[in-house]
Participant: 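My questions will all concern the structure given below.
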Amino acid sequence: MNSDEKQGHSCPDCYNAKGTSGERLSHHDDKTIKELVTRMNRIEGQIRGIKGMIERHVYCDDVLNQISSAQSALDGAARLLLEKHMKSCVKEQLQNGETEVVDEVLKTIFRMIR
């Protein structure tokens with residue numbers, strides 16, 4: 001049993017190397033990280049644009065359409081991250097017999113679809 005397992009960490013790759021702080025870390029490849037950061041930068045720009053529209057008193061319907069677009073972009077980023085999470089951390093935990101990860105993922109999904 002390694003130190004992560006002794007501390008109750010189900011997926012050693014999801015924790016920092018020492019495993020002492022309990023901070024979970026992803027282990028996605030650089031391509032995934034770059035794609036997510038690119039999406040977040042684009043969304044950040046959209047949000048700044050929406051704020052500017054509000055400050056300029058742009059017609060409400062136009063602002064609402066931009067808000068909807070930003071929400072869709074966030075949903076897309078969340079779906080991508082959920083997919084990567086399911087195919088990495090969750091898969092590893094299930095292979096290790098740690099079925100409690102299913103409850104964790106279900107709670108997250110239910111929060112996402114509210």
Side-chain angles (χ1 to χ4, degrees):
M1 183 176 283
N2 66 35
S3 64
D4 286 326
E5 291 168 332
K6 288 177 188 172
Q7 293 180 21
H9 300 162
S10 55
C11 180
D13 290 333
C14 293
Y15 292 85
N16 63 13
K18 295 182 181 181
T20 57
S21 71
E23 181 182 61
R24 296 191 288 180
L25 302 174
S26 72
H27 54 281
H28 300 297
D29 59 27
D30 289 341
K31 180 182 175 193
T32 300
I33 297 298
K34 184 177 182 199
E35 184 176 353
L36 286 166
V37 168
T38 299
R39 286 177 182 229
M40 290 297 111
N41 287 338
R42 191 176 313 123
I43 293 165
E44 184 179 21
Q46 284 180 290
I47 300 302
R48 280 194 307 271
I50 293 167
K51 179 182 173 193
M53 291 173 76
I54 293 168
E55 291 169 343
R56 293 188 317 272
H57 302 274
V58 171
Y59 186 61
C60 298
D61 193 56
D62 295 335
V63 176
L64 290 168
N65 284 325
Q66 289 302 312
I67 290 172
S68 177
S69 176
Q71 285 174 329
S72 293
L74 277 171
D75 290 342
R79 283 191 302 271
L80 173 64
L81 189 54
L82 178 61
E83 175 187 353
K84 299 297 184 175
H85 179 56
M86 296 289 291
K87 291 180 177 180
S88 60
C89 299
V90 174
K91 179 180 174 184
E92 289 176 26
Q93 290 178 56
L94 288 173
Q95 287 172 341
N96 291 333
E98 299 167 16
T99 58
E100 62 275 0
V101 70
V102 173
D103 291 330
E104 177 186 89
V105 172
L106 284 173
K107 279 197 279 188
T108 298
I109 292 170
F110 292 153
R111 250 182 274 131
M112 289 173 65
I113 62 175
R114 274 195 273 180

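In what follows, every heavy atom counts, from backbone to side chain, and hydrogens, waters and symmetry copies are set aside.
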Participant: For the backbone of S68 and the side chain of S72, can you confirm whether one donor and one acceptor N or O come within less than 3.5 Å of each other?
Facilitator: yes
Participant: Say whether I54 and Y59 are linked into one hydrophobic cluster, either directly or through other cluster members, by side-chain heavy-atom distances under 4.5 angstrom.
Facilitator: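 Each belongs to a different hydrophobic cluster.
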Participant: Give me the other members of the hydrophobic cluster that L36 sits in, counting Ile, Leu, Val, Met, Phe, Trp and Tyr linked by side-chain heavy atoms under 4.5 Å, directly or via other members.
Facilitator: L80, L81
Participant: Salt-bridged, E44 to R48, with N to O below 4.0 Å?
Facilitator: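 Result for this pair is yes, salt bridge flagged.
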Participant: Would the distance check show the side chain of T38 and the main-chain N or O of K34 forming a donor-acceptor pair, the cut-off being under 3.5 Å?
Facilitator: yes
Participant: Tell me the closest heavy-atom pair linking M112 and A78, and the distance in Å.
Facilitator: CE-CB, 3.6 Å
Participant: To the nearest 0.5 angstrom, please state how far the CD atom of Q66 sits from the CD1 atom of I47.
Facilitator: 10.0 Å
Participant: Indicate the atoms forming the closest heavy-atom contact of V105 with M86, along with that distance.
Facilitator: CG1-SD, 3.5 Å
Participant: Do you reckon I50 sits in the same ILVMFWY cluster as M40, going by side-chain contacts under 4.5 Å, direct or chained?
Facilitator: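 Yes, one cluster joins them.
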Participant: Which heavy atom of V102 sits nearest to which heavy atom of L94, and what is that distance?
Facilitator: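 For V102 and L94, the tightest heavy-atom pair comes out as CG2-CD2, 3.8 Å.
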Participant: Check for me, please, whether V37 and L82 land in the same ILVMFWY cluster - side-chain distances under 4.5 Å, paths through other members count.
Facilitator: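 Looking at the clustering, L82 is in a separate group from V37.
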Participant: Does any non-hydrogen side-chain atom of T99 lie less than 4.5 Å from one of Q93?
Facilitator: no
Participant: More than 12 foreign heavy atoms under 6.0 Å from CG of D61: is that the case here?
Facilitator: yes
Participant: Flag yes if I33 and L25 sit in one hydrophobic cluster, no otherwise; membership is Ile, Leu, Val, Met, Phe, Trp, Tyr, and two members link when side-chain heavy atoms are under 4.5 Å apart.
Facilitator: no
Participant: Minimum heavy-atom separation for H85 and E104, please, with both atom names.
Facilitator: NE2-OE1, 4.2 Å
Participant: Just do the salt bridge (Lys or Arg N to Asp or Glu O under 4.0 Å) check on R79 and E83 with the steps written out, would you?
Facilitator: CA-CA 6 Å; R79 283 191 302 271; E83 175 187 353; over 6 Å; no
Participant: Please give me the minimum heavy-atom distance between A77 and R39, naming the atom from each residue.
Facilitator: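 Scanning both residues, the minimum pair turns out to be N-NH1, 3.4 Å.
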Participant: Give a yes or no on whether F110 and L74 share a hydrophobic cluster (residues Ile, Leu, Val, Met, Phe, Trp, Tyr; joining criterion: side-chain heavy atoms under 4.5 Å apart).
Facilitator: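 No: no chain of side-chain contacts under 4.5 Å links F110 to L74.
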